[in-house]
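Data first, discussion second: the structure below is written as structure tokens.
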Amino acid sequence: MTIVRLGYVAMSMNLQNCSPSKTMTFTQFEKIKDREAAIAKLEKIAKNNIANCLRLLKHSVANDVRFFRLSSKLIPLANHDELHDWHYMNNLYDGLGEIADFLDAHQMRVDFHPDHFVVLNSSNSEIVKMSLKTLRMHEQLLKGMRINPEHRCVLHIGGAYDDKEKALEQFIHNWGLVPVSLQKMLMLENDDTTFNMNDALYLCEKLGVPHVFDYHHHLAYHDESDWEQHWGRVVNTWEGSGLPVKMHISSPKNEKEFRAHSDYIDVQMFMDFLTSIKGSVNRVDCMIEAKQKDNALFQLVHDLKKYGEIKWIDKASFEID
DNA sequence: GAGAGTCAAGTTCCT
DNA sequence: AGGAACTTGACTCTC
């Protein structure tokens, strides 16, 4: 028996005016002559993003969804070079504290997926430095929400730079430059063009990092199609974690644009996957990555109702035998 | 208000 | 060497 919990990404198609990712471009920032006023504007946006984040969490719990990806764009221009003197965290603790209180009251798994500017295997030390800065911001946000940062940020491995083997070794080298507290925060995902499941598992096993298996990425890019023979290794990378195995689920937009995300999830593809893994692991949390966000999750739940082998626990989690 | 073009950041592909 | 695509939600400007 396996317990499956569904989650969705960062924003809702149902809540109005509830973006957690509002921003201000640097160009606009510079246009405001009074720098203090400009920073005040950034702070207002950040506060509002965090308030909207709490609204999203409440909306999720109201629908039994207890798995959610936080936006990595909560703080506009947070790590911009020209704003290095801005202590963006100072005004955010109240808002983050409210999220902390809410999370304390509800069993909920939240985490981050910093975007593609975080590249840990770069041989350019400036890029690695900026990447670490961005990861430290994520760590501070997690601490502000009183979340144990362990295994709360999923990353891609990075660039191939024309030599994949070398790029993997560069990752291992650079890993030594990553502070231990940040190392503990990370998980690694297989991508859809460069580093497949085997590559990610190689690093995860070597460095003691949980592997987030992305089934759609695997279908788009692999050197052997049989992922099932390695599934046990995926599960093993989670052994030392206090959290259940985490997965990414999405569906191809169409044959031609296979790698792009579709609006909704192909229920048969998802069931094929579940049928393969059921019983191999006690719990698995599936992050639904679809253009229609929470609506894609609700639609998937609806589509899953026709499968008799699924026993529903609540509106967004179930058991499968 | 709708629609087109732009945005801090990286990598890869194309010329 | 330099520019566009990638992929993305939100912003900004124009009409």
Side-chain angles (χ1 to χ4, degrees), chain A residues 8-32 38-39 41-42 44-46 48-50 52-53 56 69-86 88 112-138 153-164 166-168 170-171 174 189-196 199 214 216-217 220-221 248 250-254 256-263 287-296:
Chain A
Y8 68 101
V9 175
M11 57 184 279
S12 165
M13 304 306 281
N14 293 289
L15 300 183
Q16 299 299 306
N17 298 314
C18 197
S19 168
S21 312
K22 265 201 158 188
T23 189
M24 173 158 59
T25 62
F26 185 63
T27 316
Q28 287 308 118
F29 176 85
E30 279 189 307
K31 276 187 194 164
I32 303 172
I39 287 179
K41 200 165 175 183
L42 287 177
K44 197 176 162 188
I45 293 171
N48 200 45
N49 283 343
I50 286 165
N52 283 344
C53 196
L56 284 157
R69 178 185 302 165
L70 300 162
S71 166
S72 281
K73 298 190 176 84
L74 291 172
I75 308 171
L77 303 178
N79 296 317
H80 197 281
D81 266 345
E82 298 289 317
L83 282 152
H84 63 275
D85 58 331
W86 173 35
Y88 50 78
F112 284 110
H113 194 342
D115 57 14
H116 63 287
F117 304 114
V118 174
V119 184
L120 287 185
N121 80 331
S122 177
S123 43
N124 178 339
S125 63
E126 285 304 309
I127 291 170
V128 176
K129 215 170 109 186
M130 273 308 274
S131 298
L132 294 179
K133 197 174 168 189
T134 304
L135 290 178
R136 274 194 294 274
M137 173 192 74
H138 285 85
C153 279
V154 56
L155 291 182
H156 292 267
I157 292 164
Y161 310 107
D162 278 338
D163 186 344
K164 214 169 90 166
K166 201 174 143 207
L168 282 170
Q170 185 74 48
F171 189 100
N174 288 5
E189 172 188 0
N190 57 307
D191 67 57
D192 55 358
T193 56
T194 312
F195 296 106
N196 57 42
D199 301 321
D214 188 309
H216 179 195
H217 286 172
Y221 172 66
H248 287 170
S250 52
S251 296
K253 186 171 177 186
N254 52 52
K256 225 176 151 64
E257 300 162 277
F258 190 86
R259 283 162 42 213
H261 286 175
S262 66
D263 286 355
M287 181 53 68
I288 303 304
E289 297 178 323
K291 294 241 179 231
Q292 290 300 313
K293 309 291 179 188
D294 52 340
N295 279 348

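Protein chains get the first letters and strands the later ones, always in sequence-line order, with residue 1 at the start of each. Basis for what follows: all heavy atoms, side chains included, without hydrogens, waters or symmetry-related copies.
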Could you give the distance separating [M] and [N] at their [atom1] atoms, to the nearest angstrom?
N: dC11(C); M: dG10(B); atom1: P; value: 22 Å
N: dT11(B); M: dA10(C); atom1: P; value: 25 Å
N: dA8(B); M: dA1(C); atom1: P; value: 25 Å
N: dA2(B); M: dT7(C); atom1: C1'; value: 23 Å

For a quick check of understanding: with a heavy-atom distance under 4.0 Å over all strands, which category does Ala167(A) fall into, base, sugar-phosphate or nothing?
nothing
Base, sugar-phosphate alone, or nothing: which one does Asn79(A) contact when heavy atoms must sit under 4.0 Å apart?
base
Can you sort out which residues in residues 12-30 of chain A have a heavy atom within less than 4.0 Å of DNA chain C? Ascending by number, please.
Ser19(A), Ser21(A), Lys22(A), Thr23(A), Gln28(A)
Separation between [atom1] of [X] and [atom2] of [Y], rounded to the nearest 0.5 Å:
X: Asn124(A); Y: Glu126(A); atom1: CG; atom2: CD; result: 6.5 Å
X: Asp263(A); Y: Ser251(A); atom1: CG; atom2: OG; result: 10.5 Å
X: Thr27(A); Y: Glu30(A); atom1: OG1; atom2: CD; result: 7.0 Å
X: Tyr88(A); Y: Asn79(A); atom1: OH; atom2: CG; result: 4.5 Å

Do nucleotides 10-15 of chain B as a string where each nucleotide becomes B, S or -: B if the base has a protein heavy atom under 4.0 Å, S if just the sugar-phosphate does, - if no protein is that close.
BSS---
Are the side chain of [X] and the backbone of [Y] linked by a donor-acceptor contact shorter than 3.5 Å?
X: Asp294(A); Y: Ser12(A); answer: no
X: Lys291(A); Y: His261(A); answer: no
X: Asn121(A); Y: Phe171(A); answer: no

To the nearest Å, how far apart are [X] [atom1] and [N] [atom2]?
X: Lys256(A); N: dC6(C); atom1: NZ; atom2: P; result: 12 Å
X: Leu42(A); N: dA8(B); atom1: CG; atom2: C1'; result: 12 Å
X: Met11(A); N: dT7(C); atom1: CE; atom2: P; result: 18 Å
X: Met137(A); N: dA9(B); atom1: CE; atom2: C1'; result: 12 Å
X: Lys253(A); N: dC6(C); atom1: NZ; atom2: P; result: 11 Å
X: Leu83(A); N: dA9(B); atom1: CG; atom2: P; result: 14 Å
X: Ile75(A); N: dA9(B); atom1: CD1; atom2: C1'; result: 16 Å
X: Asn48(A); N: dC11(C); atom1: CG; atom2: C1'; result: 15 Å

Going by the angle between their ring planes, with limits at 30° and 60°, are His217(A) and His156(A) parallel, tilted or perpendicular?
tilted
Evaluate the ring planes of Phe26(A) and His80(A), with Trp represented by its six-membered ring, and classify them as parallel (under 30°), tilted (30 to 60°) or perpendicular (over 60°).
parallel
Both distances below 3.5 Å, Watson-Crick or wobble geometry, any strand: find the nucleotide opposite [N].
N: dA1(C); result: dT15(B)
N: dT7(C); result: none
N: dA9(B); result: none
N: dA2(B); result: dT14(C)

Check whether any side-chain N or O of [X] sits under 4.0 Å from OP1 or OP2 of [N], and answer yes or no.
X: Lys291(A); N: dT7(C); result: no
X: Lys133(A); N: dA9(B); result: no
X: Lys31(A); N: dC13(C); result: yes

Within the 4.5 Å heavy-atom criterion, are Gln170(A) and Val128(A) side-chain neighbours or not?
no
